[in-house]
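Notes to accompany the following structure.
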Protein chains: 2
Amino acid sequence: MMKITKKTEYALIALKYMQSLESGSVANTTELSERHSIPRELLAKAMQQMARSGFIQTVSGAKGGYKINSDFTQISMDSFLEIMEGPLSLVICTEEHDCPIQESCNISKPLNTINAKMKLFFSNISLAEITS
Amino acid sequence: MMKITKKTEYALIALKYMQSLESGSVANTTELSERHSIPRELLAKAMQQMARSGFIQTVSGAKGGYKINSDFTQISMDSFLEIMEGPLSLVICTEEHDCPIQESCNISKPLNTINAKMKLFFSNISLAEITS
DNA sequence: TATAAATCGGACTAATTTAGTCCGCGTTTA
DNA sequence: TAAACGCGGACTAAATTAGTCCGATTTATA
């Protein structure tokens with residue numbers, strides 16, 4: 001349990017590789033996927049999502065690709081994971097408030113407390129700790 | 001992401017209720033499922049799993065059910081979750097060592113470090129913090 | 001200026017995991 | 001001996017994740 005998805009995994013692999021290049025270099029999806037033996041199309045989705053979120057910058061057209069656009073020491077795992085995968089929550093009631101057993105649920109309070117601590121844990125880890 | 005499964009959720013709801021009863025009381029699955037509006041058969045699986053693991057004790061036969069068998073302050077979320085759901089790991093390579101992209105993977109080391117920290121985080125939370 | 005190389009994003013299918021159900025069995029109470 | 005309980009395997013259904021396909025747009029360059 002607690003797995004991150006493949007899409008996020010591929011995103012991290014790409015970021016790490018891009019960070020190893022000279023600053024400002026452009027890397028494209030085909031190159032990234034071949035070099036790391038990961039499915040091109042799925043990686044492409046991850047790259048697009050990261051570009052939309054501003055972690056990386058698109059360079060469009062032929063000879064295009066992506067380049068790093070942000071300081072990974074300033075991005076937390078908490079925000080990265082939430083953008084890639086949605087809210088970090090142990091139970092659905094942390095995100096939504098229409099749980100069918102809400103009335104008779106006796107554990108939502110303590111679990112939400114633990115959830116907040118878990119988010120804090122991930123907010124203290126920077127993306128750079130993975131990519132550097 | 002990071003959701004615990006329904007089975008584990010139901011397990012916690014049951015444990016919390018059982019702990020609210022007089023010490024040594026027996027609770028049965030039907031009663032627990034009705035009281036908390038949760039599917040009986042799925043809860044039954046959770047109870048059986050907890051009994052096998054020694055968290056609770058089976059009382060068999062008619063008027064049977066389960067009673068608490070352990071000190072929840074001494075059980076960590078880490079071990080509870082691992083027993084209910086399997087290894088706590090962000091990536092598969094923490095558990096298994098036959099990842100197809102192992103060769104070209106550049107993130108397994110930092111992720112495994114973070115994984116260890118996450119396990120430590122959960123090992124410092126006791127089951128009693130939820131059920132009490 | 002045409003072509004090739006690249007991203008964009010929606011729609012789709014396949015695979016895997018999770019959720020939930022069913023049923024025949026053994027045990028114990030009354 | 002019948003009813004109430006847990007046991008556990010097999011099964012189906014639902015949801016999520018993984019992976020693919022394709023038509024559109026942008027840009028470099030031959």
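Lettering follows sequence order; numbering is per chain, from 1.
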Could you encode protein contacts along nucleotides 4-14 of chain C as a string, one character per nucleotide from 5' to 3', using B for base contact, S for sugar-phosphate-only contact and - for no contact, with a heavy-atom cut-off of under 4.0 Å?
-BSBBBBB---
Separation of dA15(C) P from Lys6(A) NZ (nearest whole Å)
16 Å
Side chain of Ser132(B), backbone of Glu129(B): donor and acceptor closer than 3.5 Å?
no
By side chain to side chain donor-acceptor pair (under 3.5 Å) - contacts of Ser79(B) (at least two apart):
Ser76(B)
Please report, rounded to the nearest Å, how far the C1' atom of dC7(D) is from the CD atom of Gln49(B).
13 Å
Report the distance from atom CG of Leu42(A) to atom P of dC22(D), rounded to the nearest whole Å.
18 Å
Kindly write out the residues that satisfy salt bridge (charged side-chain N to carboxylate O under 4.0 Å, His left out) with Lys3(B), not counting sequence neighbours, or none if the list is empty.
Glu95(A)
Residues touching DNA chain D, which here means a heavy atom under 4.0 Å, drawn from residues 81-111 of chain B:
none
Looking at residues at least two apart in the chain, or sitting in another chain, which of them share a ring-ring contact (aromatic ring centres under 6.0 Å, His included) with Phe72(B)?
none
N/O donor-acceptor pairs under 3.5 Å from side chains in residues 37-46 of chain B, not counting sequence neighbours:
from: Arg40(B); atom 1: NE; to: Thr30(B); atom 2: OG1; distance (Å): 2.9

Gln57(B) CD - dG6(D) C1' separation (whole Å):
13 Å
Is the shortest side-chain N to carboxylate O distance from Glu82(B) to Lys119(B) below 4.0 Å?
yes
Does the Gln49(A) side chain pair with the main chain of Ile83(A), one donor and one acceptor, at a distance under 3.5 Å?
yes
Can a donor-acceptor pair be found, under 3.5 Å and without considering hydrogens, that links the side chain of Asn69(B) to the backbone of Phe55(B)?
no
Using OP1 and OP2 only, check whether a side-chain N or O of Thr5(A) sits under 4.0 Å from dA18(D).
yes
Could you state the CD1-P distance from Ile38(A) to dG19(D), rounded to the nearest angstrom?
10 Å
Within this structure, what is the CG-to-C1' distance between Leu43(B) and dG20(C), rounded to whole angstrom?
12 Å
How many Å lie between NZ on Lys3(A) and P on dT16(D), as a whole number?
18 Å
Given 3.5 Å as the limit, does a donor-acceptor pair link the side chain of Asn115(B) with the main chain of Leu111(B), or not?
no
Met2(A) has an atom CE; how far is it from atom C1' of dT17(C), in whole Å?
16 Å
